[in-house]
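Residue numbering restarts at 1 for every chain, and letters A, B, ... go by the order of the sequence lines. Bear in mind the structure is a predicted one, so any value in this text is a computation, not a measurement.
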Protein chains: 2
Amino acid sequence: MNTYCKFETALDILIGKWKPVILLRLLNHGTMRFSELQKSIPDITKKMLTQQLRELEYHDIVHREVYKEIPPRVEYSITEYGQRMTPLLQAMNDWGVNHIAHLTELYGEERAE
Amino acid sequence: MNTYCKFETALDILIGKWKPVILLRLLNHGTMRFSELQKSIPDITKKMLTQQLRELEYHDIVHREVYKEIPPRVEYSITEYGQRMTPLLQAMNDWGVNHIAHLTELYGEERAE
DNA sequence: CTGTATCCGATGGGATACTG
DNA sequence: CAGTATCCCATCGGATACAG
């Protein structure tokens, strides 16, 4: 009866201006250095990149590997546990693609977003 | 290759402090009046309830039916199209339930949220 | 290279009062 | 009853400078 109580939890973890694009990069590209991520997401600041990565790390979605070198090297990747949410992301993506089409049908091309 | 581009779209529609609980109410209870919704969500203000409902209405998730009576009566319900997102909400919910368990495993009872 | 610290403007959401 | 209008504050995110 009281199902759907926790779908807000999934939401919380994905919320954040840059989390979707960060996840996308890491899923498609695999392991990436901090600077690679930054270059691949031109408008993000270091502050935001760090912050969002730390939140994903807390939730065990992203792994942070620090190499004690000079200059420092830090690599980010999706954890094994994080991989397990790809079906959900895929489902959300499919729904999103369909919904954009639905909005276009309702309101026309211009407001399809 | 470039999959997962639009899962952000699904996110956008569900984002908003009260959207999850509003959806939950309408899904479990069916059609509800404005005042019923407000009573069932004690801390929400009229402003927020109106605003969030309008956004859901724009996306064709919620239907708004106005009865021209004195005093006015307005009933809200999930559209047929909106019903079609229940599998997605269910999937998100399942993931959320599992994730809370995962966090508990990682950090213990206290920080499971 | 990989961050942290600080400031600061934009936005989201709450409290309250008013209206058809 | 079902909203709208206004004001206000807290949080989020951007710009910039500094540090290990």
Side-chain angles (χ1 to χ4, degrees), chain A residues 8-26 29-59 61-79 113, chain B residues 8-26 29-59 61-79 113:
Chain A
E8 203 172 357
T9 302
L11 228 49
D12 288 340
I13 287 141
L14 275 348
I15 285 179
K17 186 168 179 184
W18 302 100
K19 294 222 186 80
V21 61
I22 291 173
L23 251 19
L24 186 59
R25 291 291 186 285
L26 290 176
H29 187 282
T31 300
M32 291 179 83
R33 299 185 57 164
F34 186 85
S35 50
E36 286 182 301
L37 276 166
Q38 202 178 3
K39 264 176 290 186
S40 82
I41 310 172
D43 288 343
I44 200 171
T45 62
K46 295 178 206 177
K47 174 190 168 185
M48 290 314 295
L49 183 53
T50 303
Q51 181 187 113
Q52 308 269 298
L53 282 168
R54 293 287 144 84
E55 291 179 24
L56 292 169
E57 189 191 359
Y58 172 82
H59 286 285
I61 309 296
V62 159
H63 174 68
R64 179 169 181 260
E65 185 75 35
V66 183
Y67 298 88
K68 293 184 182 303
E69 308 171 355
I70 306 291
R73 178 163 59 103
V74 180
E75 290 184 346
Y76 292 90
S77 56
I78 305 290
T79 62
E113 188 148 342
Chain B
E8 203 172 356
T9 302
L11 228 49
D12 288 340
I13 287 142
L14 274 350
I15 286 179
K17 186 167 179 185
W18 302 100
K19 295 221 185 81
V21 60
I22 290 173
L23 250 21
L24 186 59
R25 290 292 186 285
L26 290 176
H29 188 283
T31 299
M32 292 179 81
R33 301 185 57 165
F34 185 85
S35 50
E36 285 182 301
L37 275 167
Q38 201 178 4
K39 264 176 289 184
S40 80
I41 310 172
D43 289 342
I44 199 172
T45 62
K46 295 178 205 177
K47 174 190 169 185
M48 290 313 296
L49 183 54
T50 304
Q51 182 187 111
Q52 307 270 300
L53 282 168
R54 290 290 144 83
E55 291 178 25
L56 291 169
E57 188 191 358
Y58 172 82
H59 286 284
I61 309 295
V62 159
H63 174 68
R64 177 168 181 262
E65 185 75 35
V66 183
Y67 297 88
K68 295 184 181 306
E69 309 171 354
I70 305 289
R73 177 163 60 104
V74 180
E75 290 184 345
Y76 293 91
S77 55
I78 305 290
T79 62
E113 189 148 345

**Message:** Using the rule given for salt bridge (Lys or Arg N to Asp or Glu O under 4.0 Å), can you reason through B:Arg54 versus B:Glu57, listing the C-alpha separation, both sets of side-chain angles and the distance that settles it, and then say yes or no?
**Reply:** CA-CA 5 Å; B:Arg54 290 290 144 83; B:Glu57 188 191 358; 3.8 Å; yes
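Here B:Tyr76 does not reach the OP1 or OP2 of D:dC1: none of its side-chain N or O atoms lies under 4.0 Å away. Listed pair A:Arg54 / C:dT2 fails the phosphate criterion, with no side-chain N or O lying under 4.0 Å from OP1 or OP2. Taking 4.0 angstrom as the limit, B:Trp18 places a side-chain polar atom (N or O) nearer than this to OP1 or OP2 of C:dG14. Between B:Arg33 and D:dA2 there is a side-chain polar atom (N or O) within less than 4.0 angstrom of OP1 or OP2.
When each of B:Lys39 and A:Thr45 is assigned the nucleotide of DNA chain D bearing its nearest heavy atom, the one mapping closer to the 5' terminus is B:Lys39. Heavy-atom nearest nucleotides on DNA chain D were determined for A:Lys46 and for B:Arg64, and the one closer to the 5' end corresponds to B:Arg64.
As a whole-Å value, the separation of B:Phe34 CZ from D:dA2 C1' is 6 Å. Going from atom CG of B:Leu49 over to atom P of D:dG3 covers 8 Å, rounded to whole Å. With rounding to whole Å, A:Ile44 atom CD1 is found 17 Å from D:dT16 atom P. One can place NZ of A:Lys68 at 14 Å from P of C:dT2, the figure rounded to the nearest angstrom. One can place CD of B:Glu75 at 12 Å from P of D:dG3, the figure rounded to the nearest angstrom. Separating the CD atom of A:Glu65 from the C1' atom of C:dT2 is a distance of 15 Å, rounded to the nearest angstrom. For the pair A:Asp43 CG and D:dT16 P, the computed distance is 13 Å after rounding to whole Å. Atoms CE (A:Met48) and P (C:dT11) sit 15 Å apart, rounded to a whole Å.
Checking C:dC1, C:dT6, C:dG14 against the side-chain heavy atoms of A:Lys47 singles out C:dT6 as nearest. When each of D:dG3, C:dG3, D:dA2 is scored by its nearest atom to the side-chain atoms of A:Thr50, the top-ranked nucleotide is C:dG3. Side-chain proximity of B:Arg73 to D:dA2, C:dT2, D:dG13: nearest is D:dA2.
For the pair A:Trp18 and A:Asp43, the minimum side-chain heavy-atom distance is below 4.5 Å. Looking at heavy atoms from C-beta onward, A:Ile78 lies in side-chain contact with A:Leu23 at the 4.5 angstrom threshold.
A:Tyr67 comes within 4.0 angstrom of nothing in the nucleic acid, heavy atoms only.
Closest heavy-atom contact between B:Ile13 and B:Lys19: O-CD, 3.3 Å.
You won't find any donor-acceptor pair under 3.5 Å spanning the side chain of B:Lys17 and the base of C:dG13, going by distance alone.
Geometrically, B:Arg73 engages B:Tyr67 in a cation-pi contact defined by less than 6.0 Å to the ring centre and at most 45° from the axis.
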